[in-house]
Amino acid sequence: MQADTAPKTALAGIRVIELGTFLSAPFAATLLADFGADVVKIELPGEGDPMRTLGSFPPDGKSGYWWSSIARNKRSLALDIRTPEGLEILGQLIDTADVLIENFRPGTLDRWGATREWLLERRPGLLIARISGYGQDGPLRGVPGFDRNAQAFSGLVYLTGEPDMPPQQAGLPVCDFTAGLWAAFGIVGSAPPGGVGGRARSLLA
């Protein structure tokens with residue numbers, strides 16, 4: 001198909017850097033990728049995202065249910081951003097990016113040198129989306145957030161299961177999915193004027 005006749009997706013021309021593991025941030029980035037964004041997923045060398053093998057099935061040991069669905073439409077780069085060399089390579093990627101998505105515990109990127117100030121100095125106007133279990137500045141900010149904890153804190157486990165039975169976790173990680181969905185929705189509706197989608201349309205015009 002010729003470039004001038006190829007379908008123009010809503011987020012074509014937008015580059016997203018994904019610093020995410022497990023589900024919430026990767027799911028948000030997947031939704032953006034589905035709408036045409038160029039998503040570059042950063043993974044730890046030698047390990048990768050644990051979703052690669054979560055609930056894995058033979059013969060290749062890859063998780064078809066989780067990894068194949070969450071990693072679609074992305075490119076992946078093995079990079080240890082905890083090292084000075086890795087941080088500099090991340091900075092070069094940030095130089096060309098429109099969006100950064102991460103779901104580390106609050107303060108993690110700061111300890112590695114990728115502070116908000118450093119990111120915005122490299123790329124003024126970069127949209128930074130942070131997903132965390134208990135907020136960026138609350139009393140539980142340092143506590144790891146997992147879907148089952150969110151289901152318990154929200155009371156969802158008390159609405160699931162059978163009468164006269166103990167609280168039951170929902171069959172799917174609905175809180176992680178919901179967090180990723182709202183993150184993606186917030187990204188496309190955020191600055192610059194017209195949202196990220198508006199920037200994409202201006203690039204396509």
To the nearest 0.5 Å, tell me how far Met51 CE sits from Glu43 CD. 11.5 Å
Distance check, rounded to the nearest 0.5 Å: Leu93 atom CG versus Leu100 atom CG? 10.5 Å
Which pair of non-hydrogen atoms, one from [X] and one from [Y], has the smallest distance, and what is that distance?
{"X": "Val99", "Y": "Ile101", "answer": "CG1-CG1, 3.9 Å"}
{"X": "Gly86", "Y": "Thr83", "answer": "N-OG1, 3.0 Å"}
{"X": "Ile70", "Y": "Phe27", "answer": "CD1-CD1, 4.1 Å"}
{"X": "Ala28", "Y": "Ala183", "answer": "CB-CB, 4.0 Å"}
{"X": "Val39", "Y": "Ala33", "answer": "CG2-CB, 3.7 Å"}

Could you check Leu32, Val40, Thr30 and say which one makes a side chain to side chain contact (heavy atoms under 4.5 Å, CB included) with Lys74? Thr30
Who are the salt bridge (charged side-chain N to carboxylate O under 4.0 Å, His left out) partners of [X], not counting sequence neighbours?
{"X": "Glu121", "value": "none"}
{"X": "Asp38", "value": "Arg15, Arg75"}
{"X": "Arg72", "value": "Asp34"}

Once side chain to side chain donor-acceptor pair (under 3.5 Å) is applied, do any residues pair with [X], and if so which ones, sequence neighbours excluded?
{"X": "Thr178", "value": "none"}
{"X": "Arg116", "value": "none"}
{"X": "Arg82", "value": "Asp80"}

Verdict with supporting geometry, Leu87 and Trp118, side chain to side chain contact (heavy atoms under 4.5 Å, CB included): CA-CA 11 Å; Leu87 185 63; Trp118 180 83; 3.8 Å; yes
Below 4.5 Å, heavy atoms only, C-beta onward: do [X] and [Y] meet side chain to side chain?
{"X": "Asp98", "Y": "Val196", "value": "no"}
{"X": "Leu109", "Y": "Thr115", "value": "no"}
{"X": "Arg52", "Y": "Ser76", "value": "yes"}

Out of curiosity, does Val157 fall in the hydrophobic cluster containing Leu159 (side-chain heavy atoms, cut-off under 4.5 Å, transitive links)?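 Hydrophobic grouping puts Leu159 apart from Val157.
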Between Arg122 and Glu88, is the closest basic N to carboxylate O distance under 4.0 Å?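 Answer for the salt bridge query: yes.
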Any side-chain to backbone donor/acceptor pair from Lys41 onto Thr21? Under 3.5 Å, distance only. no
Do any N or O atoms from the side chain of Asp49 and from the backbone of Phe22 form a donor-acceptor pair under 3.5 angstrom?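 The answer is yes, because a donor-acceptor pair under 3.5 Å joins these two groups.
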Can you tell me if Asn103 and Ser24 form a side-chain donor-acceptor pair at under 3.5 Å? yes
Name every donor-acceptor pair, under 3.5 Å, that has one atom in a side chain of residues 123-147 and the other anywhere in the protein, sequence neighbours excluded.
residue	atom	partner	partner atom	Å
Arg123	NE	Ala97	O	2.6
Arg123	NH1	Asp95	O	3.2
Arg123	NH2	Ala97	O	3.3
Arg130	NH1	Glu102	OE2	2.5
Ser132	OG	Gly135	N	3.3
Ser132	OG	Gly135	O	3.4
Ser132	OG	Gln136	NE2	3.2
Arg141	NE	Gln136	O	2.7
Arg141	NH2	Gln136	O	3.3
Asp147	OD1	Val174	N	3.4
Asp147	OD1	Cys175	N	2.8
Asp147	OD1	Asp176	N	2.9
Asp147	OD2	Gln151	NE2	2.5

Would you list the pairs meeting ring-ring contact (aromatic ring centres under 6.0 Å, His included) in which at least one residue belongs to [range], sequence neighbours left out?
{"range": "residues 68-95", "answer": "none"}
{"range": "residues 68-94", "answer": "none"}
{"range": "residues 95-115", "answer": "Phe104-Trp112"}

Check residues 161-170 and write down every donor-acceptor pair under 3.5 Å in which the side-chain atom is one partner and the other belongs to a residue at least two apart or another chain.
none

Mind checking what makes side chain to side chain contact (heavy atoms under 4.5 Å, CB included) contact with Leu79, not counting sequence neighbours?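 By the side chain to side chain contact (heavy atoms under 4.5 Å, CB included) rule, Leu79 matches Ile42, Leu77, Ile81, Ile89, Leu90.
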